Trainee: 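Encoded as structure tokens, here's the structure I'll be asking about.
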2 protein chains.
Amino acid sequence: MPTLSFKLNAHLYLRDPQHTVLGQNIIQVSVQMIDRLGFEQFTFKKLAEEINSTEASIYRYFENKHRLLLYLIGWYWNWLEYRIDLFTNSLTDPREKLKTSIRIIVEEKKYDQAFDFIDEVALHRIVVAELDKTYLTKQVDSDNKEGLFGGFKSLCKKIAEWINQINPNYPSAYSLISTVLITSKQQIFFADHLPSLTNIGKDDNRYLKLEQFLESLVFKSIQP
Amino acid sequence: MPTLSFKLNAHLYLRDPQHTVLGQNIIQVSVQMIDRLGFEQFTFKKLAEEINSTEASIYRYFENKHRLLLYLIGWYWNWLEYRIDLFTNSLTDPREKLKTSIRIIVEEKKYDQAFDFIDEVALHRIVVAELDKTYLTKQVDSDNKEGLFGGFKSLCKKIAEWINQINPNYPSAYSLISTVLITSKQQIFFADHLPSLTNIGKDDNRYLKLEQFLESLVFKSIQP
DNA sequence: GCGTTTACGATAGTATTACTATCTAAATGA
DNA sequence: TCATTTAGATAGTAATACTATCGTAAACGC
């Protein structure tokens, strides 16, 4: 199986981390560390120690740690969209495409061999815990102008268009799908930490329950 | 009209800010400042300067700024629940109660004279922008054990019970209502900053559109 | 094969943040 | 009146999020 890579918005980084050993190291180890420490406790200094490099060297790749988070989560959305493309490719019915998308959005993530040096399982946990921090900032407008949220928007648009094919009169396709994308992470977080805010448990079939919840939410909502 | 106050979980503060002039000042001015600066840029030092007090004095009321945010947002949930109680009190049909709740959750907030020294309009903007930061932390579990999220949970439970009265077989009442509570803030944020993720605009009838989106989401979902 | 760019490690330094500690004065209250 | 509570004043600390400069080794172009 060939190794793939995504072309991410060039404003996300100063030097493309996919092209060098140090860059790949930064990505790989930062995923582990943010997953372990949480984004607040994670610093470039700690990362530098772990990869036997220096703070200054990391700053040559990323302007700051917020951009690194945007990069990682941007990568995640690209990866999700790639997977959705992969599995909807052969389908023609937009209902089937939508259903498949929801399954892929929700499904328990496994390590994807097609992408070296990214631990998708840890990255998924990062998205669950840190996603909202990417846009809940005072610089959201300037970040957005630079296109740093392109991955999320692109995915949203793709699925919203299928919804509009199913029911052209449904007026809230974008709201519905952004809600689904975010809720799919949030409900997992609640199940783990604030269980009285959810009906999803900690058991093995949590992903199935979540899928049923969201699938019914979406298909009932868009029904004419 | 009498002035009311809420009894918040005592773990939220070290000294009850509602009981002293300094405390009330801390609350009132921190709402203005967090609204203006955002939670990240807001510091106890800046607050102390603005109210002509000292950092040390503020630390006598709140252990840290995260607890202050939890306090303010806890206050907000209490206020929302109080308003929902006020308007559903006279209703008997759980469908009506649910519908009214959604209206109150979504509605454009106005200054509430019943509560001195809290600017509900600014506080609502804080909830829109900062809510997720209250629980997306590494200490969420210990915060939760201390009951710091009680306001959110209480509101969730109340509304979930109405859903279960309407359709006892709907299996995701808690997930649905926590989704609605959070989405109601998120979609406003998207409308202001990431408009391609929502169908809600910046226009005057945004609250009406949001209400229709969420009302249809909820009632179609719980239909047997 | 020689000069030049590039990459990166090493080191130092800075303003700010999020506290903690201690001391004193004024107000309160029994 | 005396003890306690409350808060202002001041000082200090470890950590964070950078910025700046320097030296060197490898790679790259011609």
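Keep in mind that this is a model prediction, so the values were computed, not measured. Proteins come first, then strands; the chains are lettered A, B, ... in the order of their sequence lines, and each starts at number 1.
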Trainee: When rounded to the nearest 0.5 angstrom, what distance separates CZ in A:F117 from OG in A:S5?
Mentor: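 It is 7.5 Å, given to the nearest 0.5 Å.
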Trainee: Counting just side-chain N and O atoms, does A:S57 come under 4.0 Å of either OP1 or OP2 of C:dG9?
Mentor: yes
Trainee: Nearest-Å distance, CD (A:E49) to C1' (C:dC8)?
Mentor: 17 Å
Trainee: Hey, does the side chain of B:N9 reach the backbone of B:G147 with a donor-acceptor pair shorter than 3.5 angstrom?
Mentor: yes
Trainee: Which of parallel (below 30°), tilted (30 to 60°) and perpendicular (above 60°) describes A:Y135 and A:F152?
Mentor: tilted
Trainee: Mind calculating the distance between CG (A:L37) and P (D:dA15) to the nearest angstrom?
Mentor: 15 Å
Trainee: Return a single string for nucleotides 16-28 of chain D, one symbol per nucleotide in 5' to 3' order, where B is base contact, S is sugar-phosphate-only contact and - is none, cutoff 4.0 angstrom on heavy atoms.
Mentor: SSBBB--------
Trainee: Identify the residue among B:Q41, B:E40, B:K45 that makes a side chain to side chain contact (heavy atoms under 4.5 Å, CB included) with B:T43.
Mentor: B:K45
Trainee: Between atom CZ in B:F39 and atom C1' in C:dT17, what is the gap in whole Å?
Mentor: 12 Å
Trainee: Has A:R60 got its NZ or CZ under 6.0 Å from the middle of the six-membered ring of A:Y13, at an angle within 45 degrees of the ring axis?
Mentor: no
Trainee: Report the residues that fulfil side chain to side chain contact (heavy atoms under 4.5 Å, CB included) with B:V128, sequence neighbours left out, ordered by chain and then residue number.
Mentor: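 Testing B:V128 for side chain to side chain contact (heavy atoms under 4.5 Å, CB included), a comparison that skips the adjacent residues, returns B:H124, B:K185, B:I188, B:F189.
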Trainee: Taking only N and O in the side chain of B:S53, is any of them less than 4.0 Å away from OP1 or OP2 of D:dA7?
Mentor: no
Trainee: For B:L14 and D:dA7, give me the distance from atom CG to atom C1', rounded to whole Å.
Mentor: 15 Å
Trainee: Does OP1 or OP2 of D:dA7 have a side-chain N or O of B:Y61 closer than 4.0 Å?
Mentor: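 The answer is yes; a side-chain N or O of B:Y61 sits under 4.0 Å from OP1 or OP2.
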Trainee: Could you state the CD1-P distance from A:I26 to C:dA7, rounded to the nearest angstrom?
Mentor: 13 Å
Trainee: For A:I58 and C:dA10, give me the distance from atom CD1 to atom C1', rounded to whole Å.
Mentor: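 After rounding, the gap between these two atoms is 14 Å.
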Trainee: For B:E55, what residues pass the salt bridge (Lys or Arg N to Asp or Glu O under 4.0 Å) criterion, not counting sequence neighbours?
Mentor: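 Residues passing salt bridge (Lys or Arg N to Asp or Glu O under 4.0 Å) with B:E55: none at all.
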Trainee: According to a strict under-4.0 Å criterion, is B:R15 in side-chain N/O contact with OP1 or OP2 of D:dT5?
Mentor: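 False: B:R15 side-chain N/O out of range (4.0 Å or more) of D:dT5 OP1/OP2.
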Trainee: What integer distance in Å separates A:N52:CG from C:dC8:C1'?
Mentor: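 Rounding to the nearest Å, CG of A:N52 and C1' of C:dC8 are 14 Å apart.
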Trainee: Starting at CD of B:Q24 and ending at P of D:dA7, how long is that distance when rounded to a whole Å?
Mentor: 11 Å
